[in-house]
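For reference, the structure is listed below as structure tokens.
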Amino acid sequence: ARLSHTRLSGIAKKYWNIYFERQEHTCLKGCLLAETREEENLCLQVTTHSRLLTSPDVEQLSSDLLLKPENVHCVLLQQFHTEQQFLREVSTFFERQLQSQPKLLVVQCDSG
């Protein structure tokens, strides 16, 4: 609402429409389904105050998105001690699967 009173007022309506009409905000599944309809290769950051996903949550997400369970991987950022360990994990996940299969990597970060 305040954006319309700034120097960016000319584009305020555009961003209002993107946020409130185009983007999905009800749940992670809805967000991923909406975004993957428009993009084939997607890097998406979702910020939430929800609890972290559990293994059953990830299994359900895999099923909801029609992805093979082995093509969905969830890690907690805090489990890595170095950036190199994180990069190795990401590379291994994307390289071990066939390139033509859809994959989902969820990297969670506990801020508390």
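Residues Leu65 and Leu33 have side chains in contact (heavy-atom distance under 4.5 Å, counting atoms from C-beta outward).
Of all heavy-atom pairs between Leu67 and Pro102, the closest is CD2-CB, 3.5 Å. Of all the heavy atoms in Leu52 and Leu76, the pair that sits closest is CD1-CD1, 3.8 Å.
Applying the side chain to side chain contact (heavy atoms under 4.5 Å, CB included) criterion to Val58, with sequence neighbours excluded, gives Leu53, Val72, Cys74. Ile11 is linked by a side chain to side chain contact (heavy atoms under 4.5 Å, CB included) to Leu8, Tyr15, counting only residues two or more places apart in sequence or in another chain. In terms of the side chain to side chain donor-acceptor pair (under 3.5 Å) criterion, residue partners of Gln60 (sequence neighbours excluded) are, by chain and number, Asp64. Remark: Val107 pairs with Val75, Leu77, Phe86, Leu105 by the side chain to side chain contact (heavy atoms under 4.5 Å, CB included) rule, at least two apart or across chains. Remark: Asp57 engages Arg51, Thr54 in a side chain to side chain donor-acceptor pair (under 3.5 Å) (not counting sequence neighbours).
Note that CZ of Phe93 and CG of Asn71 are 6.0 Å apart. Values are rounded to the nearest 0.5 Å. Leu61 CG to Cys27 SG: the interatomic distance, rounded to the nearest 0.5 Å, is 9.0 Å.
Legend: side-chain hydrogen bond (donor to acceptor under 3.5 Å, both in side chains) pairs involving residues 74-91, not counting sequence neighbours, sorted by first then second residue: His73-Glu89.
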